[in-house]
Amino acid sequence: MKLTLIGNGFMAQALAKGLVNNFEVEVIGRDINKLEKLKQYIPKIEIKELSDIEDISNKNIIFCVKPYALQSVAARLEGNANILFSILAGTTLESLKKQIKAKYYIRTMPNVAASVKKSATTITGDKEAAKIALDIFSFIGKAIWVDTEKQLDIATAVAGSGPAFLALIAESMTDGAVKAGLDRKTSSELVHGLFEGFSELLKSSHPAIIKDSVMSPGGTTAAGVAVLEEGAIRSNFIKAVEAAHNKAIEIGKK
């Protein structure tokens, strides 16, 4: 199967890298220089500069532009696509249907871990295309179907924005180890190992159980957790997810 990615930004690059070994991948973008650099990075892909009138008839399109660029890019697309997969945060199926013609419409929210086939991708849309959508996105990690766009917008705040939230934690913990006297390389290796192991633990244990298993009375972990709680870390993460969700809704209304 051939997949045509429209857009050559960071998420398009991550998806192309994750999908290219299982599909024919074509990347269409407005910046030929970026496309040529991407071709050097991922030699197996096809590249094409976006035409003023771009025929998408019968293609399986993964639409990867920024939400604000939807209208300007859609105006250059002609014909009826087979399936339109959109990764645009907050952009509703109704909005997509008004601007791009396709047989089926699917909204997805992968994350940057697609490039290493570890994305957590939520999907919704026309159920006739559900199986093929799940099949495609399962090649880049975990693919999860949700029944409503509201659920997908909430998932966007977790799985879509989540890598940035976790990156802050990883960076802060690394800096903390360096401040305490550990060299940067060792600190980074430890944090990497921590995230890798914690991911496996989460598969079988509730976060609270993991925390309690480490936090012995009067110990080092309890001292550290107390400091984090002083900064209302749990409340702030809840608010961060809520803020990202609200932003997705706001984008959808534009």
Side-chain angles (χ1 to χ4, degrees), residues 1-9 11-29 45-46 48 50-51 53-111 114 117 119-156 159-160 248-249 251-254:
M1 177 188 291
K2 186 172 185 177
L3 300 173
T4 298
L5 279 62
I6 296 181
N8 50 244
M11 269 307 306
Q13 294 173 33
L15 287 168
K17 185 179 178 184
L19 293 168
V20 73
N21 289 327
N22 300 99
F23 300 93
E24 290 181 64
V25 175
E26 174 186 36
V27 181
I28 300 177
I45 65 169
E46 299 174 28
K48 183 180 184 295
L50 182 68
S51 303
I53 301 298
E54 187 69 46
D55 187 9
I56 60 170
S57 297
N58 301 314
K59 290 188 174 183
N60 296 304
I61 303 291
I62 302 181
F63 203 56
C64 304
V65 303
K66 297 293 185 184
Y68 66 79
L70 168 61
Q71 190 171 359
S72 62
V73 175
R76 299 166 73 168
L77 305 182
E78 185 178 74
N80 291 293
N82 182 36
I83 306 176
L84 179 72
F85 301 97
S86 168
I87 71 164
L88 279 62
T91 304
T92 64
L93 293 168
E94 181 182 1
S95 179
L96 293 167
K97 289 175 182 178
K98 286 178 180 177
Q99 301 188 65
I100 303 173
K101 294 179 181 179
K103 186 176 181 181
Y104 301 115
Y105 294 84
I106 293 287
R107 279 186 65 191
T108 76
M109 184 43 61
N111 61 40
K117 300 189 176 182
S119 175
T121 304
T122 41
I123 306 169
T124 196
D126 292 330
K127 291 188 176 179
E128 296 90 338
K131 184 180 184 303
I132 190 169
L134 288 166
D135 286 347
I136 289 171
F137 287 92
S138 67
F139 280 104
I140 57 167
K142 185 183 290 293
I144 304 164
W145 181 269
V146 294
D147 292 325
T148 68
E149 292 188 80
K150 180 179 179 180
Q151 289 175 307
L152 188 133
D153 286 334
I154 296 170
T156 296
I249 295 172
I251 292 170
K253 291 179 179 177
K254 292 182 178 179

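In what follows, residues are counted from 1 in the order of the sequence shown. Side-chain atoms are counted along with the backbone in the values below, which use heavy atoms only and exclude waters and symmetry mates.
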Strictly distance-based, threshold 3.5 Å: is any side-chain N or O of [X] a donor or acceptor partner for the main-chain N or O of [Y]?
{"X": "Gln99", "Y": "Ala75", "answer": "no"}
{"X": "Arg107", "Y": "Leu152", "answer": "no"}
{"X": "Asn111", "Y": "Ala159", "answer": "yes"}
{"X": "Asp126", "Y": "Glu128", "answer": "no"}

ask   = Any side-chain donor paired with an acceptor under 3.5 Å for Thr124 and Glu149?
value =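 The answer is no; no qualifying pair exists.
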ask   = Restricting to pairs with a member in residues 68-111, which pass ring-ring contact (aromatic ring centres under 6.0 Å, His included), not counting sequence neighbours?
value =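 Counting only pairs at least two positions apart or across chains, the ring-ring contact (aromatic ring centres under 6.0 Å, His included) contacts touching residues 68-111 are Phe85-Phe137.
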Which heavy atom of [X] sits nearest to which heavy atom of [Y], and what is that distance?
{"X": "Ser86", "Y": "Leu96", "answer": "CB-CD1, 3.5 Å"}
{"X": "Ile83", "Y": "Ala129", "answer": "CD1-CB, 4.1 Å"}
{"X": "Ala89", "Y": "Thr156", "answer": "CB-CG2, 4.3 Å"}
{"X": "Gly79", "Y": "Ile56", "answer": "O-CG1, 3.9 Å"}
{"X": "Met1", "Y": "Ile136", "answer": "SD-CD1, 3.9 Å"}

message = Out of the candidates Ile61, Asn22, Leu19, only one should pair with Leu3 under the side-chain contact (heavy atoms from CB on, under 4.5 Å) rule; please name it.
response =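 That would be Leu19.
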request  = Quickly, which of Ile106, Leu88, Thr4, Thr91 forms a side-chain contact (heavy atoms from CB on, under 4.5 Å) with Phe63? Name it, please.
outcome  =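 Exactly one candidate clears the test, Leu88.
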Rounded distance (nearest 0.5 Å) linking atom CD1 of Ile100 with atom CD1 of Ile6 =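 One gets 7.0 Å once the value is rounded to the nearest 0.5 Å.
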